[in-house]
Amino acid sequence: MDKWILIDGNSIVFRAFYAMPPLTNSAGMHTNAVYGFTTMLLKLLEEEKPTHMLVAFDAGKVTFRHEGYEDYKGGRAKTPPELSEQFPVLKDLIRSFGIAQFELPGYEADDIIGTLTRMADERKVETLIVSGDKDMLQLASDHVTIALTRKGVSEVERYNPQEIMDKYGLTPLQIIDLKGLMGDASDNIPGIPGVGEKTALKMLHEYGSVEEVLAHSGELKGKMKEKVAAHEEDARMSKKLATIFREVPLDDEEGVKAYNGYDPAELAEAFHKLEFRSLMERLELPEVGSAGSEAAAEINHNLVSLNDLKTEELEGLLSGASNVYIEAIGDNPHHAELLGLAIPVEDRMLAITAEELLSEAGKPVRQWLGNPDVRKYGYDLHKADLTLHWRGIDLCGTDFDVLLAAYLLDPTESNQTLVYLMQRYQLPAIQSDEAVYGRGAKFRVPEHGILIRHLAAKANAVRELVPLQQKALEDTGMSKLYYELEQPLAIVLAGMEKQGIQVNAGTLEELGSELEQGIARCKNEIYTHAGMEFNIGSPKQLGEVLFEKLGLPAMKKTKTGYSTDADVLERLEPYHGIIPLILQYRTLAKLQSTYVEGLLKEIRRNSGMVHTYYRQTIAATGRLSSQFPNLQNIPIRLEEGRRIRKAFVPSEPGWTILAADYSQIELRVLAHISGDEKLKEAFIADMDIHTKTAMDVFGVSADEVDSNMRRQAKAVNFGIVYGISDFGLSNNLNISRKDAGRFIEQYFEAFPGVRGYMDNIVLQARNDGYVTTLLERRRYLPDIKASNFNLRSFAERTAMNTPIQGTAADIIKLAMVRMDEMLRERKLRSRMLLQVHDELVFEVPGDELELMKTLVPEVMEGALKLDVPLKADVNYGVNWYEAK
DNA sequence: TGCTTCACG
DNA sequence: ACGTACGTGAAGCAC
């Protein structure tokens, strides 16, 4: 038994286009109508198992219907280009399915189908017509069923003559009369004005046809009578236009063709181009192309934009979203340009520009970003948060950040781009930012489609990387570190950065003019000593003056010439009066350029605030770094520079700057992780650790330790923390390598547990290939087995230093997260502003000062329980300088 | 852009 | 024999 299926191509394509959300492939081609059409086709093939199939299309704009009525289909909106571009694609796809298609100039799809169903009736072949057009019902017969699309495209309602009778009380042919009376706005068929479906049905039930209605118009009541009389001709013409022409001249071989199934390879190729990945899976089609090839690199998603979606559709889409990529261009997130964002949801990808995000239509997306209950996965959301903040958009609910995770998984890897991460996890490559945007002066935001696709590719990368990294964190024992420390900290940091710290420009300017005078004086005196003018800031020119013109002994060389660093100059001091002037000049010039001028440039003119950016993914040990400006290297050691700190003031009148710093945190950490009893005792007794070290290294009593001995012991302690070598210590203390070696030996005899730790940690690094902090932060040391002495030695010192510096970093990070919680819980107005590795800076209102003086050190000291107590000292004042 | 120098912990 | 202290960022110079 044959079974024919005849599809009204144009009708179904239009239905599909308006029923489906707007999708595009990664080349920017719209595919939604094709997709909808395809799902309908697949359903038909599966459920109906046709022996013959044909898709009919309208051909050309002018049909025979226009001959009698020029305005046929007039006033119809032009087919949107997003749809018309899909016709050739669809026709190709139908070919790939192995399904016949037909169109004939001058005729519409209905007429072709009408003609074919006439043939089907004659041959008594069971036939199904698929269309969205109710006109088709006129073709129903004992052998012909009409499937009309309902909601969407794949849901249909079937009509045979009986069902048409049940629903309308009409025979199939009376459907033509129905339209003759009603007309059809979409085809510009007039019908009788004022006659809708209800009236038309009533009339037809009464009189049976247009002709009979017109003949009995006199029996109608009131206005209807007039209208029918006035539009007799319209009604007749309308009926004619609505009648499907069933005598299209078709050759026999143009009839319905047998359907023999599709070639999987051919269909796979077509689906691949369209990026219908889910359909490929559904049909279990073969993969196209090989992994790693260009084909595999294509992104399988269907792009959606805002104006393609109704608000409810957008909200529905977002309700299932968790991944996001937000593009912010520029190194400084406080000034970065927001380009756009992409949010993948299942097989769709919402990708929008910053402009769209900020528009009215972007509101649901902004709400989604700001909803703390929606867990979000992204890439560098800390930066995104700041960039969005300055555009008035909140970003909340950050739960996983690919960049932050990549940092924990390998903190020494400087390349943490998505491009690199995709490669590292052997996922399909994505385009580099440089390829899309250009670099430096060549930077350009590309045209919309290219930008959107790049954002989409990155959002897709995020989605693919998240589960892999989550597993990797689990496997390396860093999940807790991630979720309980680093991720919460990122949010705390962003808060501190948004808050900023008040910097008094006037104070800096005053200091600047003082410095200027000092610099001018130095300059003149230096020129006098040198007997010539030159650029003191040029190490090359300075080297020539000192070592050639003045004939001073060159102590060190750099790659490019003489070294003129402070270490060299200090040793040259006895030889020439120019040296202290150069040192002084350097100090003043540094203060002027970096701290006065540099800082002034960073003060926001309207608010007087400075907003630094803490980078959480830079330092290999787990420390933070600070940029734009760096507020972790504001001078303190020399009084001249320390005065810079006077410019750092509270942002509210009557408030106080409060600074708390850990005392000897790294040596306390060393005491804990080495387990050295003597070192632990020293801290438990809260001794001055450098004096204690001097006593043990020099074998003297406390009151015999002079300032020089303490200074040297302090250097030894530093050396221990850094991973000591006799060379390093000898250099630092300006003593012989032998003497330095003796100090070290003495130290290890006094603190044998420390020696044990140092030996052990190096062995451990050699065994595992990495070292860890107390919180399981990891740092890989591939050079630990290097044959190159330098590389190996460096790795060994790093093995000794990283657990110490890194654990100290863990501790203050814990304290920051706890402190942030504490301020919220207690609803305090005090604000945490800065972190400087072992120090936290707050601004505190007067009525909270007493509380904060005890609360801050309590939280800091209680951040992590060690075998030795942690100690934090608190100071406060009207500015950062006074908080000493 | 790389190098040197120097500010901090 | 080798030959650096550990971790950062910013500025200015020279190429």
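Throughout, a chain's letter reflects where its sequence line sits, starting with A, and its residues are numbered from 1.
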*Please list, by residue number, the residues of residues 707-723 of chain A whose heavy atoms come closer than 4.0 Å to an atom of DNA chain C; answer none if no residue qualifies.*
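A:A715, A:G719, A:Y722, in order of number.
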*Sorted by number, the residues of residues 734-754 of chain A with heavy-atom contact under 4.0 Å to DNA chain C*: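 Of all residues in residues 734-754 of chain A, the ones placing a heavy atom under 4.0 Å from DNA chain C are A:R737.
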*4.5 Å side-chain heavy-atom contact, A:S626 and A:Q835*: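 The answer is no; the side chains never approach within 4.5 Å.
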*Side chains of A:K523 and A:I536: closer than 4.5 Å at any heavy-atom pair?*
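A:K523 vs A:I536: side chains touch.
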Counting any heavy atom closer than 4.0 Å, what does [X] reach on the DNA or RNA strands: base, sugar-phosphate only, or nothing?
X: A:F727; answer: base
X: A:I634; answer: sugar-phosphate
X: A:S793; answer: nothing
X: A:A566; answer: sugar-phosphate
X: A:I636; answer: sugar-phosphate

_Output the rounded distance in Å from CG (A:N731) to P (C:dC6)._
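After rounding, the reported distance stands at 12 Å.
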*What interatomic distance, in whole Å, is found between P of B:dC6 and the corresponding atom of C:dC2?*
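That atom pair is separated by 28 Å.
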*Treat primed atoms plus P, OP1 and OP2 as sugar-phosphate and everything else as base, then score nucleotides 8-15 of chain C 5' to 3': B for base contact with protein heavy atoms under 4.0 Å, S for sugar-phosphate contact only, - for none.*
SBBSSSSS
*Quick one: is B:dT5 close enough that its OP1 or OP2 comes under 4.0 Å of any side-chain N or O from A:T564?*
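Affirmative; the distance criterion is met.
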